[in-house]
Participant: 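I'd like to ask you about the structure that follows.
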Amino acid sequence: MVKRNYGRELRGFIVRNELALGSEFHLGSCLIDMYSRCNKVDLGRRVFDSMKGGNVYTWTAMINGYVKNGSLEEGLVLFQEIQVRDEVELNKASLVSVLPACSAVSGLIGVKQIHGNAIKKEFNDDVSLCNALIGIYSKCGSLDHAKQVFEHGSFHRDPISWSSMISGYGLRGKGEEAIFVYNKMLHLGNKSDMITIVGVLSACGRSGLVYEGLRIYKSTITECRIKPTVEICACVVNMLGPSGQLG
């Protein structure tokens, strides 16, 4: 409630001092984002509509606001509208924002359209966008497309890239593939972290690869010197339970 009142006071100050939102796109984007975070996306929309055309940042803020608040179709409609406006050029953040909506509403076809748009605009070297595509493709069950993005040579894979691909394989019960990616990550000199460990151990558990999972767990403790968190221990328990090795 306090944050919401501050937001109304701020907007009131803007109106009283005749600060024109029509030209202050950065200020408008911040207000839209603030209202969206307070679950008041309708107030964010009022700010958006009060701006004269806006720019890519205000449009992206509004799309992101809809998606974050579960109004996926509204976010998708706005995204489709922005594509026919010559004065507003899509950027990488716009595509990342709309991906969850495309996946939920349009499925794999919608995700492929966003991916094609990224390639057309030469955004396919952006790590944040590529990571989002890997995650969304995996959730849609299209591991081949996720792998294509992951193995594309033009973007620098970060820890999120590796953990997303490993988790994607694990989610679909492909433990051996997840272990292969994990070992490749280590071989290339990348360090594992808690998220990556949880991903590969979960993959081992779903695929019944108990021996391989225990080997990874032991190397995590001894070689990587990662402390066994609650999440990591839960993965080990879930892995050992079905095989009757608990107790």
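The model shown is predicted, which means the values in this text are computed figures rather than measured ones. Worth knowing before you read on, the calculation uses all heavy atoms, side chains too, and leaves out hydrogens, waters and symmetry mates.
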Participant: Quick check on side-chain contact (heavy atoms from CB on, under 4.5 Å): which of L78, I32, N91 does W59 satisfy it with?
Facilitator: L78
Participant: Please determine whether the number of non-hydrogen atoms from other residues, nucleotides or ligands lying under 6.0 Å from atom CD of E122 exceeds 12.
Facilitator: no
Participant: If the condition is side-chain hydrogen bond (donor to acceptor under 3.5 Å, both in side chains), which residues does K121 pass it with, not counting sequence neighbours?
Facilitator: E89
Participant: Quick check for you: to the nearest 0.5 Å, what is the distance between S192 atom OG and I166 atom CD1?
Facilitator: 9.0 Å
Participant: Have D193 and T196 got a donor and an acceptor in their side chains that come within less than 3.5 Å?
Facilitator: yes
Participant: V198 vs I232, test: side chain to side chain contact (heavy atoms under 4.5 Å, CB included). Steps then yes/no.
Facilitator: CA-CA 6 Å; V198 168; I232 291 175; 4.0 Å; yes
Participant: Any side-chain donor-acceptor pair under 3.5 Å between D158 and S161?
Facilitator: yes
Participant: Check D42 with R46, please: is the shortest side-chain N to carboxylate O separation under 4.0 Å?
Facilitator: no
Participant: Membership question, hydrophobic clusters at under 4.5 Å side-chain separation (ILVMFWY): are I221 and I226 in the same one?
Facilitator: yes
Participant: Among H145, K112, H115, whose side chain to side chain donor-acceptor pair (under 3.5 Å) with Y137 holds?
Facilitator: H115
Participant: Might you confirm whether atom CD1 of I160 has over 12 heavy atoms from other residues, nucleotides or ligands at distances under 6.0 Å?
Facilitator: no
Participant: Under 3.5 Å, side chain of S103 to main-chain N/O of P100, donor-acceptor pair present?
Facilitator: no
Participant: Looking at side-chain heavy atoms only, is the closest gap between E176 and Y169 below 4.5 Å?
Facilitator: no
Participant: Are side-chain heavy atoms of L214 and M239 found at a separation under 4.5 Å?
Facilitator: yes
Participant: Extract all donor-acceptor atom pairs below 3.5 Å that involve side chains of residues 181-188 and protein atoms in other chains or at least two apart in sequence.
Facilitator:
residue, atom, partner, partner atom, Å
N183, ND2, I179, O, 3.4

Participant: Would F150 end up clustered with I195 when hydrophobic side chains under 4.5 Å apart are linked, directly or stepwise?
Facilitator: no
Participant: Over all heavy atoms of both residues, which pair between L209 and G175 is shortest? Give the atoms and the distance, please.
Facilitator: CD1-C, 3.7 Å
Participant: Between R172 and K139 (side chain of the first, backbone of the second, donor and acceptor by atom type, cut-off under 3.5 Å), is there such a pair?
Facilitator: yes
Participant: Please report the interatomic distance CZ(R206) to SG(C235), rounded to the nearest 0.5 Å.
Facilitator: 8.5 Å
Participant: Answer yes or no: is there a side-chain heavy-atom contact under 4.5 Å between L143 and S138?
Facilitator: yes
Participant: Residues in ring-ring contact (aromatic ring centres under 6.0 Å, His included) with F79, at least two apart?
Facilitator: none
Participant: For the hydrophobic clusters of this structure (ILVMFWY residues joined by side-chain heavy atoms under 4.5 Å, transitively), does one cluster hold both V200 and L240?
Facilitator: yes
Participant: Keeping the roles fixed (side chain from N69, backbone from G65), state whether a donor-acceptor pair exists under 3.5 Å.
Facilitator: yes
Participant: Can you tell me how far the CD1 atom of I63 sits from the OG atom of S71, to the nearest 0.5 Å?
Facilitator: 13.0 Å
Participant: Is a side-chain donor-acceptor pair under 3.5 Å present for R45 with Y35?
Facilitator: no
Participant: If you round to the nearest 0.5 Å, how far is CG of L76 from CD of E74?
Facilitator: 10.0 Å
Participant: Which value, rounded to the nearest 0.5 Å, describes the distance between D125 atom CG and K92 atom NZ?
Facilitator: 5.5 Å
Participant: For residues L99 and V111, determine if any side-chain heavy atom of one lies less than 4.5 Å from a side-chain heavy atom of the other.
Facilitator: yes
Participant: Does the side chain of Q83 come within less than 4.5 Å of L90's, by heavy atoms?
Facilitator: yes
Participant: Is there a donor-acceptor pair under 3.5 Å between the side chain of N55 and the backbone N or O of Y57?
Facilitator: yes
Participant: Inspect the surroundings of CG in D144 and state if more than 12 heavy atoms from other residues, nucleotides or ligands are less than 6.0 Å away.
Facilitator: no
Participant: With clusters defined by side-chain heavy atoms of hydrophobic residues (ILVMFWY) lying less than 4.5 Å apart, directly or transitively, does L108 cluster with I119?
Facilitator: no
Participant: Do the side chains of L171 and L201 join up, straight or via other hydrophobic residues, at under 4.5 Å, putting them in one cluster?
Facilitator: no
Participant: If you compare all heavy atoms of I114 against all heavy atoms of C102, which two are closest, and at what distance to 0.1 Å?
Facilitator: CG1-SG, 3.5 Å
Participant: So does S29 get a backbone contact from the side chain of D33, meaning a donor-acceptor N/O pair under 3.5 Å?
Facilitator: no
Participant: Is the backbone of G173 close enough, under 3.5 Å, to the side chain of S207 for a donor and an acceptor to pair up by distance?
Facilitator: yes
Participant: Say you draw a straight line from CE of M165 to CD of E177; how long is it, rounded to the nearest 0.5 Å?
Facilitator: 9.0 Å
Participant: Is the shortest heavy-atom distance from the side chain of L72 to the side chain of V67 under 4.5 Å?
Facilitator: yes
Participant: Could you tell me whether a side-chain N or O of N117 sits under 3.5 Å from a main-chain N or O of Q113, the two making a donor and an acceptor?
Facilitator: no
Participant: With the side chain counted from C-beta on, respond yes when S94 and V56 share a heavy-atom pair under 4.5 Å apart, and no when they do not.
Facilitator: yes
Participant: Between N190 (side chain only) and P159 (backbone N and O only), is there a donor and an acceptor less than 3.5 Å apart?
Facilitator: no
Participant: Distance-only, no hydrogens or angles: does the R157 side chain make a donor-acceptor pair with backbone N or O of W162 under 3.5 Å?
Facilitator: no
Participant: Give a yes or no on this: more than 12 heavy atoms of other residues, nucleotides or ligands lie within 6.0 Å of atom CD of E73.
Facilitator: no
